[in-house]
Amino acid sequence: MENDSVVEPDEEFTTFTGNLMDSKTSHLDDVLNEKLERAFHKQTSQIRLHDIAKIASEHDPIDLAHAVTRLPPSARIVVYDNLPDINAKIIFMINTGSGTRSAIFRQINDQEIKQLIEKMPPDEAVWILDDMSDRRLKRVLDLLDHKKASRIRELQMHDRNSAGRLMTNEFFSFNMNTTIGEVTAHIRDNPGIELTRCVFVVNEEGGLTGYVPGRNLMVNPHFLPLRQVMRPVLHKVTADDSRDEVVDLVERYKIPALAVVDEHDVLVGVITYEDVVGAMEDIADETIASIAGTAEDVSEQSPIFQRFIWRAPWLVVTLCAGLITATAMAYFKDRPWFLFVPLFVPLIAGMSGNVGIQCSTILVRGMSTGSLSTGTKRNAVLQELGIGLIIGLVFGVFCGLAVYLLNNFEIHHAGGDPVAVGTTVSVGLLGACLMATMLGTFSPFFFARFRIDPAVASGPIVTAFNDVLSTLMFFLIARLIYPIFSV
């Protein structure tokens, strides 16, 4: 049955923003945070601890891990201490933020940290131990079982944004002649290894030859060797490959477990889909931060002054750009054409800024999704330059005509000859749009060449440069065009 109801655009926007603000998880965080705040405001410590212990036992440790980021650091350790068991504490530590982990590490001893790390997968333990000082890290690793400590140290050797840091080195791999019955028995005997959705098959030299999905182990007879049910591994990475390459592969081919091999094609680790989702969230956070021009972590309740410090360096560039523009305006203030030029600086800066941001955002998105490659880069650049030229021509002509009519009929008298003013604004807008298009088109490739996040091209630094260059371009055109048409 068709739904004949029509949703107005304003209602759609309200529904969209409402869904973002009032999702089940965000509502749960609000409710849980309110409960915790009420518990911490109890008059006696005995009642307070009783209420917090009750909240900790009734709610999922994952929800608590997110809720405590709104509490003061001194209160987070209280929630942690009142979790029901060691497993709940492990889940809490894995899912909470870096600030919370650092606050808790300052309050618990090395022996308790050892107990947490012993029951964690090595890949999760590595990320958690990053929030610890080097001296304490060494002490904790010395307390661990030698085998566990070695696996953690192996993962720590890799760059933070590499495949080696995302992978786990606890997985199941068997010789191709091993039977399914032997495989299932081995999996039962090692419940601590969580990666069971597939097992990998290797040859006599340890080289990766294939994999067997977990379902195939259940539906096939136990006497069959793995070589008869295995599938080929079509995609794999090395430990030094970047995090972005891993995300691209897993996202395109929907790989549940991506194999990591060394230079001899020997299997050294596996990256799970959950690890890739976490990496995608980190990339998205970093990209948004780069676009916004800040390094702050909005998930943590940091002091206001610290958040100011994170934002200030980027804004200093914008301030300097504004001062350069003001200096240029002061330099040209005695010129005849400067009588009307300042009136149109906001128009020029606004239009050129949006044109530049559109160009850079489209290209950055293409880089992040993989749709923009080395082979398509030239066409993408030409297309953006062409679009910028069309925008400059169309809006330049329209704006120039509008300025001419407004001045000619004295609806808005900017000063000077209407034809000269209209022509100057028209050509000036065209030049500013072309300048912004070139800056917005080439800046992502410039940053990418020096291994800087191309998203910076959509941030305050490039926006500030764009405002200065576009305004100076407008002044230059006004200086050349106005005297010709004002004669």
Quiz prompt | Check: Asp467 and Thr325 side chains under 4.5 Å, non-hydrogen atoms | solution = no
Self-check item: Glu182 side chain reached by Phe174 side chain, heavy atoms, under 4.5 Å
Solution: no
Practice problem: Please test Thr184 against Met218 for side-chain contact (heavy atoms from CB on, under 4.5 Å), starting from the C-alpha separation and ending with a verdict. | Solution: CA-CA 9 Å; Thr184 54; Met218 294 184 286; over 6 Å; no
Exercise. Indicate the ring-plane relationship of Tyr80 and Phe92, choosing parallel, tilted or perpendicular according to the 30° and 60° boundaries.
Key: tilted
Quiz item: Do NZ/NE/NH1/NH2 and the carboxylate oxygens of Asp130 and Arg101 come within less than 4.0 Å?
Solution: no
Quiz item: Does a side chain donor of either Thr209 or Asn203 reach within less than 3.5 Å of an acceptor in the other side chain?
Solution: no
Quiz item: Would you say the side chain of Val268 lies within less than 4.5 Å of the side chain of Val261, judging by non-hydrogen atoms?
Solution: no
Self-check item: Carboxylate-amine/guanidinium proximity below 4.0 Å for Asp85 and Lys89
Solution: no
Practice problem: Answer yes or no on whether Arg160 is positioned over the face of Trp127, meaning its NZ or CZ is under 6.0 Å from the six-membered ring centre and within 45° of the axis. | Solution: no
Quiz item: Side chains of Thr178 and Asn175: do they bring a donor and an acceptor to under 3.5 Å?
Solution: no
Practice problem: Answer yes when Arg153 and Asp142 have at least one side-chain N-carboxylate O distance shorter than 4.0 Å, and no when they do not. | Solution: yes
Self-check item: Derivation of the side-chain contact (heavy atoms from CB on, under 4.5 Å) call for Arg243 and Val276
Solution: CA-CA 9 Å; Arg243 177 181 62 177; Val276 174; over 6 Å; no
Quiz item: If you count the non-hydrogen atoms of other residues, nucleotides and ligands that lie under 6.0 Å from CZ in Phe445, is the total more than 12?
Solution: yes
Self-check item: Heavy-atom closest pair, residues Ser173 and Leu267
Solution: CB-CD2, 4.1 Å
Quiz item: Hey, are the side chains of Ile128 and Phe105 touching, using non-hydrogen atoms and a 4.5 Å cut-off?
Solution: yes
Quiz item: Does the side chain of Leu315 reach to within under 4.5 Å of the side chain of Leu319, using non-hydrogen atoms?
Solution: no
Practice problem: Indicate the ring-plane relationship of Phe171 and Phe200, choosing parallel, tilted or perpendicular according to the 30° and 60° boundaries. | Solution: perpendicular
Quiz prompt | Side-chain H-bond candidate by donor/acceptor type, Asp275 with Thr272, under 3.5 Å | solution = yes
Self-check item: Residues Glu37, Arg70: salt bridge by 4.0 Å N-O rule
Solution: no
Exercise. Could you give me the CA-CA distance, side-chain angles and deciding distance for Asn177 and Glu204, then say whether side-chain contact (heavy atoms from CB on, under 4.5 Å) is met?
Key: CA-CA 10 Å; Asn177 295 316; Glu204 300 296 337; 3.9 Å; yes
Quiz item: Mind checking whether Glu263 and Thr238 have side chains closer than 4.5 Å, heavy atoms only?
Solution: no
Quiz item: Could Arg151 and Glu170 be called an ion pair, given the rule that one side-chain N must be under 4.0 Å from one carboxylate O?
Solution: yes
Exercise. Could you list the residues that satisfy side-chain hydrogen bond (donor to acceptor under 3.5 Å, both in side chains) with Arg38, not counting sequence neighbours?
Key: Glu34
Quiz prompt | Whether over 12 other heavy atoms sit under 6.0 Å from Arg252 CZ | solution = no
Quiz item: Any side-chain heavy atom of Leu439 within less than 4.5 Å of one from Phe465?
Solution: yes
Quiz item: Would you say the side chain of Leu258 lies within less than 4.5 Å of the side chain of Tyr273, judging by non-hydrogen atoms?
Solution: no
Self-check item: Chi angles and distances behind the salt bridge (Lys or Arg N to Asp or Glu O under 4.0 Å) call for Lys35, Asp51
Solution: CA-CA 9 Å; Lys35 285 184 179 181; Asp51 288 352; over 6 Å; no
Quiz prompt | Cationic N near anionic O, under 4.0 Å, Asp159 to Arg165 | solution = no
